[in-house]
Novice: 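Have a look at this one.
Naming convention: chains lettered A, B, ... in sequence-line order (proteins, then strands); numbering from 1 in each chain.
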2 protein chains.
Amino acid sequence: MRVTADDVAAKAGVSRSAVSRAFTKGASIQPDKRDHILAVANDLGYRPNMMARSLTGGATGLIAVVVGTISSPYESWFLEVLSQDIRSLGMWPLLVAVAPGQEIEPALDHALAYQVDGAVIAAGSVSRALVERCSAHGSPVVVIGRVLEGGGVDSVCCDNRAGMEMLVARLAATGRSHIAWIGGRLEAFSNVERYNGLTNALSARGLTLMGTRNGDYTVDSGMMQALALLTGPNPPDAIVCGNDAMAIGAISAARRLGLRVPEDVGICGFDDIPAASWEPFSLTTVANPVAETVQEALRLLTCRMADKTAPAEIVRLPPVFRQRLSM
Amino acid sequence: MRVTADDVAAKAGVSRSAVSRAFTKGASIQPDKRDHILAVANDLGYRPNMMARSLTGGATGLIAVVVGTISSPYESWFLEVLSQDIRSLGMWPLLVAVAPGQEIEPALDHALAYQVDGAVIAAGSVSRALVERCSAHGSPVVVIGRVLEGGGVDSVCCDNRAGMEMLVARLAATGRSHIAWIGGRLEAFSNVERYNGLTNALSARGLTLMGTRNGDYTVDSGMMQALALLTGPNPPDAIVCGNDAMAIGAISAARRLGLRVPEDVGICGFDDIPAASWEPFSLTTVANPVAETVQEALRLLTCRMADKTAPAEIVRLPPVFRQRLSM
DNA sequence: TACACAAATGAACGCGTGTTCATCAATTAC
DNA sequence: GTAATTGATGAACACGCGTTCATTTGTGTA
């Protein structure tokens with residue numbers, strides 16, 4: 001049923017070796033013979049079997065892509081850019097979706113059985129043991145959106161501290177004094193960094209956080225936590241959210257309570273997802289440099305595929321302040 | 001470097017056949033021996049090489065997933081559900097992202113070289129020739145979101161006509177008379193069906209379409225087209241949009257012009273993406289049954305993988321009317 | 001024409017696995 | 001106690017490909 005190189009060889013009247021060479025760039029074969037073989041192959045609908053090709057130790061052309069909640073605005077945006085860049089490298093993304101509660105290890109272990117040439121991990125909690133297992137398996141790993149302490153692992157991450165400083169500068173410039181924080185999942189690396197970045201930047205200006213609540217990075221959770229903050233005692237005049245989705249929820253919460261944004265309460269987010277610029281929100285935020293992040297991640301990955309002994313790099317990319325109307 | 005079954009066999013003191021049997025469910029092997037082998041394998045970090053396993057004609061466990069603009073709210077939602085359901089089948093999604101302008105054929109052709117066990121196509125224009133090429137290759141295909149005329153191809157599709165009738169019923173109930181349409185990409189199957197469904201349902205009630213414009217299914221395009229409609233001569237008192245994203249853009253456009261929704265202009269969409277229920281929009285729409293669609297698609301796919309001669313099915317799933325505040 | 005050398009070609013090998021095929025031990029049936 | 005049956009085991013094979021290794025063909029020089 002499947003058409004193999006033998007079929008092409010038989011129909012073209014050449015040896016199977018010739019067929020293989022016709023598909024191998026730079027192989028020693030007469031040009032007209034190669035053309036003939038390729039024509040026959042195309043006629044028969046033949047394509048070299050990637051599974052067999054990779055068996056001899058060659059590359060599979062597969063890259064495992066570990067992401068979390070695909071439907072979230074930020075992750076889907078990221079996945080789109082990443083999958084396009086992987087394809088422009090001539091490779092294919094093997095999608096490994098890890099929902100917030102799920103374990104990343106068994107999932108990635110399974111994917112490793114496909115002899116992926118590399119893995120991009122942008123979700124879940126990554127242990128050093130996991131990274132080393134992948135490396136030992138011959139699949140270099142790049143971690144995105146977090147930095148493993150102790151180094152030794154290539155990683156690309158937004159400079160969350162710098163981003164928070166930009167937001168706090170705006171906070172100070174607009175004279176906010178009662179500032180609250182709505183964080184994401186407590187264990188998330190970005191959440192920890194952004195929270196610390198915020199408190200540090202605030203204290204550097206003699207400001208303090210008046211309220212703290214935690215959601216789960218969804219719009220709904222942002223709305224709930226903002227409602228709690230704004231209806232509680234001593235309501236804030238500014239809410240800094242751990243990501244844009246929660247900030248959008250917070251804006252909706254403020255409006256439901258009849259508060260004006262930014263006059264009564266300023267609200268800002270983090271990431272600059274597409275929805276942040278939609279008119280009803282016009283969210284002041286800092287842009288997570290997704291395109292550059294993906295580009296750097298794949299650069300690191302290809303470097304390491306070529307030279308496994310190269311020292312690990314940690315790339316910190318600066319975000320860009322986006323002032324809109326919400327603060 | 002890579003640990004193979006031979007390594008496990010050597011360390012466990014058994015033949016390589018025994019190792020293979022230990023990993024094959026239902027194979028003839030002593031239970032304690034199997035346990036021992038599995039323990040040694042786990043110790044060495046061994047996993048059967050899927051590439052080699054599939055070489056003998058076995059299944060690869062890969063399913064090609066063809067989607068379009070991943071970052072769009074609807075597609076990312078769909079992809080999340082699909083990828084989870086594929087994994088719960090014990091298989092893996094090979095992501096094939098086809099941007100609106102790109103050709104689906106060469107991309108899918110490449111993916112076929114990985115001997116995928118099946119393909120779910122939810123984007124791009126699908127020709128019968130393409131489907132037959134996949135089938136000939138041993139990879140059954142299920143098409144989602146469109147129906148190939150002439151049948152012969154398994155497909156799952158929302159009943160767009162029924163959805164439009166629901167919306168028109170609401171349209172009539174609220175006494176709208178100047179109705180406009182903002183469509184998506186002209187060549188898109190869903191766009192054609194929804195447009196025809198709308199005009200048919202309108203004429204059945206003695207209504208006609210007063211204006212027609214076309215965007216590209218994005219929020220921005222919905223905003224642009226709605227601005228043009230609402231500032232033109234004889235502005236509509238209702239706008240039906242080809243999807244929710246454009247409807248969200250249309251709501252923003254109306255508000256920018258100082259119009260009240262739904263009092264001055266009613267706006268509705270299609271799909272019921274998560275953002276449709278966000279408070280600033282509260283979009284009246286019809287829910288595209290994504291979970292059921294994915295479920296049916298995978299049911300058809302697994303059926304066809306088991307029996308390639310089964311007759312093709314066309315499944316039409318009814319949408320659900322979601323009345324909110326925008327109309 | 002004779003020789004050296006490069007280019008092109010086909011046979012054979014190995015990649016890691018599941019499976020078939022004999023072989024052998026252990027049980028059951030008579 | 002013997003024959004028949006079952007269950008477990010290891011060797012060998014096939015899967016489809018890239019690549020190496022001889023071997024053959026073609027080209028340029030003396």
Novice: Earliest and latest nucleotide of DNA chain D, 5' to 3', sitting under 4.0 Å from a non-hydrogen atom of chain B?
Specialist: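 Both ends considered, the range comes out as D:dG7 to D:dG16.
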
Novice: Any idea which heavy atoms bring B:Gly68 and B:Ala97 closest together, and the distance?
Specialist: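 Taking every non-hydrogen atom into account, O-CB, 4.5 Å.
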
Novice: Please find the pair of heavy atoms, one from A:Val3 and one from A:Leu44, that lie closest to each other, and give the distance.
Specialist: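 Here A:Val3 and A:Leu44 meet closest at CG1-O, 3.7 Å.
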
Novice: Using heavy atoms and a sub-4.0 Å distance, could you list which residues of residues 44-53 of chain A are near DNA chain D? By number, please.
Specialist: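 Only A:Tyr46, A:Arg47, A:Pro48, A:Asn49, A:Ala52, A:Arg53 qualify.
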
Novice: Report the end-to-end axis angle of the helix from C:dT1-D:dA30 to C:dC30-D:dG1; each axis comes from five terminal pairs, and the value is rounded to 10°.
Specialist: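 Its terminal axes enclose an angle near 40°.
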
Novice: Is the backbone N or O of A:Ser72 less than 3.5 Å from a side-chain atom of A:Thr69, with the two atoms forming a donor-acceptor pair by type?
Specialist: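 No, A:Thr69 side chain to A:Ser72 backbone: no donor-acceptor pair under 3.5 Å.
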
Novice: Rounded to the nearest Å, what distance is computed from the NZ atom of residue B:Lys25 to the P atom of nucleotide C:dT19?
Specialist: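 It is 14 Å, rounded to the nearest whole Å.
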
Novice: Per the salt bridge (charged side-chain N to carboxylate O under 4.0 Å, His left out) rule, what does the pair list look like for residues 81-105 of chain A, sequence neighbours excluded?
Specialist: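 Passing the test, one end in residues 81-105 of chain A: A:Glu105-A:Arg133.
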
Novice: Counting only pairs under 3.5 Å, give me each side-chain donor-acceptor contact of residues 14-33 of chain A, with atom names and distances, residues two or more places apart or in other chains.
Specialist:
residue : atom : partner : partner atom : Å
A:Ser15 : OG   : A:Ser17 : N            : 3.4
A:Ser15 : OG   : A:Ala18 : N            : 3.3
A:Thr24 : OG1  : A:Ser20 : O            : 2.8

Novice: At less than 4.0 Å, is any side-chain N or O atom of A:Gln30 found next to OP1 or OP2 of C:dT9? Yes or no.
Specialist: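 For C:dT9, OP1/OP2 do have a side-chain N/O of A:Gln30 under 4.0 Å.
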
Novice: Name all residues meeting the salt bridge (charged side-chain N to carboxylate O under 4.0 Å, His left out) criterion together with A:Glu132; count only those two or more places apart in sequence or in a different chain, and write none if there are none.
Specialist: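 Scan of A:Glu132 (salt bridge (charged side-chain N to carboxylate O under 4.0 Å, His left out), adjacent residues dropped) gives none.
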
Novice: Could you name each residue pair satisfying salt bridge (charged side-chain N to carboxylate O under 4.0 Å, His left out) that touches residues 290-308 of chain B, not counting sequence neighbours?
Specialist: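 Qualifying pairs, neighbours excluded: B:Asp154-B:Arg304, B:Glu296-B:Arg299, B:Arg299-B:Glu313.
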
Novice: Using a 4.0 Å heavy-atom cut-off across all strands, classify B:Thr24 as base, sugar-phosphate, or nothing.
Specialist: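 Sugar-phosphate: the residue B:Thr24, judged by heavy atoms under 4.0 Å, touches backbone atoms but no base.
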
Novice: Is any NZ, NE, NH1 or NH2 atom of the basic residue among B:Arg146 and B:Glu187 found under 4.0 Å from an Asp or Glu carboxylate oxygen of the other?
Specialist: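 No, this pair does not count.
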
Novice: Test: salt bridge (charged side-chain N to carboxylate O under 4.0 Å, His left out). Region: residues 117-130 of chain B. Which pairs qualify, not counting sequence neighbours?
Specialist: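 The answer is none; no pair qualifies.
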
Novice: Cut-off 3.5 Å, side chains only: do B:Ser139 and B:Tyr114 have a donor facing an acceptor?
Specialist: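 Their side chains do not contain a donor-acceptor pair, so the 3.5 Å distance test is not met.
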
Novice: Counting the atoms with a prime plus P, OP1 and OP2 as sugar-phosphate, which does A:Ser28 contact under 4.0 Å by heavy atoms, base, sugar-phosphate, or nothing?
Specialist: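 Since a base atom lies under 4.0 Å of A:Ser28, the category is base.
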
Novice: Check side-chain hydrogen bond (donor to acceptor under 3.5 Å, both in side chains) between A:Asp216 and all other residues, then give those that pass, not counting sequence neighbours.
Specialist: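 With sequence neighbours excluded, A:Asp216 shows a side-chain hydrogen bond (donor to acceptor under 3.5 Å, both in side chains) to A:Thr218, A:Ser221, given in chain and number order.
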
Novice: By the salt bridge (charged side-chain N to carboxylate O under 4.0 Å, His left out) test, which pairs, at least two apart or in different chains, include something from residues 2-11 of chain B?
Specialist: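 Passing the test, one end in residues 2-11 of chain B: B:Lys11-B:Asp43.
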
Novice: Between the protein and nucleotides 11-13 of chain C, which nitrogen or oxygen pairs come in under 3.5 angstrom?
Specialist:
residue : atom : partner : partner atom : Å
C:dA11  : N7   : A:Ser17 : OG           : 3.4
C:dA11  : N6   : A:Ser17 : OG           : 3.0

Novice: Taking only residues two or more places apart in sequence, or in another chain, which ones meet A:Phe189 in a ring pair (Phe, Tyr, Trp, His ring centres under 6.0 Å)?
Specialist: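 A:Phe189 satisfies ring pair (Phe, Tyr, Trp, His ring centres under 6.0 Å) with no residue once adjacent residues are dropped.
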
